[in-house]
Amino acid sequence: MTRLGGLGTASAVLLAAVAATTLLAPLLAPYDPDFPDLMNALSGSTAAHPLGADALGRDVLSRLMYGARTTLIGPLLIICVSTVAGTALAITAAWAGGRVDAVISRLLDILFAVPGIVFALVTVAVLGPGIPGVVTGLAVAYTPYVARVVRSAALRERSLPYVAAAWVQGRSAFAICTRHLLPNLRPIIVAQSVSALGFAVIDVAAVSFLGLGVQPPTADWGLMVKSGLDSAQRGQPLEAIAAGVMIALVVAAVNMLGDRLGRRR
């Protein structure tokens with residue numbers, strides 16, 4: 001951890017704390033996040049409700065704890081799927097070369113031309129609002145970003161002597177790629193994935209803010225920012241501020257950690 005530097009270590013600790021809070025939310029949250037209490041609607045910060053209550057009287061702190069689940073699980077799924085798909089495409093293109101590389105490269109160029117949020121909106125239109133459509137669309141959008149970085153690194157590794165030596169020894173292309181190329185590319189893949197995670201958090205929150213991701217009454221940071229803006233106009237901004245600050249902190253921590261991992265390559 002110390003090799004990450006002070007900021008890198010602090011970022012890792014923050015993300016670990018958020019993950020622990022997410023897992024332990026049923027034990028740590030003081031209230032049911034979905035239980036309305038209209039008598040406390042739009043109440044300010046009190047001993048019973050440190051971050052106040054939303055327009056339906058639901059405890060903001062409890063919803064913040066539970067909301068981390070949907071806010072983080074979606075981006076993690078997006079990064080896992082796009083990393084596997086992008087790495088497979090990149091290694092295939094780098095190893096095969098020729099027409100295969102050209103076809104994969106043109107496919108990636110096409111995907112690059114379409115903004116990720118558009119993919120998300122299209123898949124939500126087809127599959128309906130919710131996490132499955134958002135994850136599917138953004139996973140497709142993030143795949144070329146992983147593939148581009150990994151392909152460049154794989155082309156360099158492909159030309160190194162150890163690959164030729166393994167080929168002369170009679171090892172198959174699959175064995176060389178999985179046992180030699182992939183382990184040497186792992187640091188780059190991990191750094192790229194961590195860096196992309198921050199953008200995925202923002203995109204998932206943005207889709208939820210638009211009302212096309214996680215649906216009410218489920219707690220979600222993007223939804224909390226949206227509903228919090230309405231509450232802010234009625235004199236209670238704590239919900240929007242709390243959710244917005246948590247999104248910003250998580251994204252900053254992820255980006256910092258990704259930058260530190262990238263420097264260690």
Side-chain angles (χ1 to χ4, degrees), residues 1 3-5 7-12 14-16 18-19 71-97 100-101 104-120 134-160 163 176-207 247-265:
M1 295 290 288
R3 295 175 61 186
L4 295 175
L7 288 176
T9 301
S11 298
L14 173 62
L15 293 176
V18 172
T71 305
L72 299 180
I73 289 176
L76 286 173
L77 289 174
I78 291 167
I79 296 305
C80 288
V81 173
S82 62
T83 297
V84 172
T87 300
L89 288 173
I91 292 179
T92 300
W95 181 266
V100 174
D101 186 18
I104 292 177
S105 296
R106 296 297 79 74
L107 174 62
L108 296 178
D109 290 340
I110 294 173
L111 295 178
F112 268 124
V114 183
I117 197 71
V118 173
F119 275 112
V134 175
V135 169
T136 301
L138 290 178
V140 173
Y142 276 61
T143 295
Y145 291 92
V146 177
R148 179 180 62 177
V149 174
V150 177
R151 175 183 172 275
S152 298
L155 286 173
R156 292 194 299 269
E157 293 290 328
R158 175 75 171 82
S159 62
L160 295 180
V163 175
I176 295 173
C177 290
T178 55
R179 297 180 183 178
H180 298 282
L181 279 180
L182 191 57
N184 289 326
L185 295 172
R186 186 177 298 128
I188 295 175
I189 296 172
V190 171
Q192 175 67 18
S193 299
V194 173
S195 298
L197 179 60
F199 295 101
V201 171
I202 294 175
D203 285 340
V204 171
V207 175
I247 292 173
L249 285 176
V250 168
V251 172
V254 168
N255 288 341
M256 182 62 67
L257 189 59
D259 179 67
R260 291 298 186 269
L261 291 173
R263 291 182 182 181
R264 294 177 57 191
R265 292 204 302 261

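Note that the coordinates shown come from a computational prediction; the quantities given were computed from them, not determined experimentally. The residues of the chain are indexed from 1 along the displayed sequence.
- The CD1 atom of Ile110 sits 11.0 Å away from the OG atom of Ser105 when rounded to the nearest 0.5 Å.
- Once rounded to the nearest 0.5 Å, the distance linking OG1 of Thr71 with CD1 of Ile202 reads 12.5 Å.
- Applying the side chain to side chain contact (heavy atoms under 4.5 Å, CB included) criterion to Val140, with sequence neighbours excluded, gives Leu111, Phe119.
- Two residues are said to be in side-chain contact when any heavy atoms from C-beta on lie closer than 4.5 Å; Val254 and Leu15 meet this criterion.
- In this structure, the side chain to side chain contact (heavy atoms under 4.5 Å, CB included) partners of Leu77, at least two apart in sequence or on a different chain, are Ile73, Val135.
- Within the structure, side-chain hydrogen bond (donor to acceptor under 3.5 Å, both in side chains) contacts touching residues 149-158 (residues at least two apart or in different chains) are Asp101-Arg151, Glu157-Tyr162.
- With a 4.5 Å cut-off on side-chain heavy atoms, Asn184 and Leu160 do not count as touching.
- Side chains of Thr143 and Leu89 form a contact here, defined as non-hydrogen atoms less than 4.5 Å apart.
- Legend: ring pair (Phe, Tyr, Trp, His ring centres under 6.0 Å) pairs involving residues 138-160, not counting sequence neighbours, sorted by first then second residue: Phe112-Tyr145.
- Pairs engaging residues 74-94 under the side-chain hydrogen bond (donor to acceptor under 3.5 Å, both in side chains) rule: Thr83-Ser193 [sequence neighbours left out].
- Note on residues 189-207: no pairs pass salt bridge (Lys or Arg N to Asp or Glu O under 4.0 Å), not counting sequence neighbours.
- Legend: residues meeting side chain to side chain contact (heavy atoms under 4.5 Å, CB included) with Ala206, ordered by chain and number and at least two apart, are absent.
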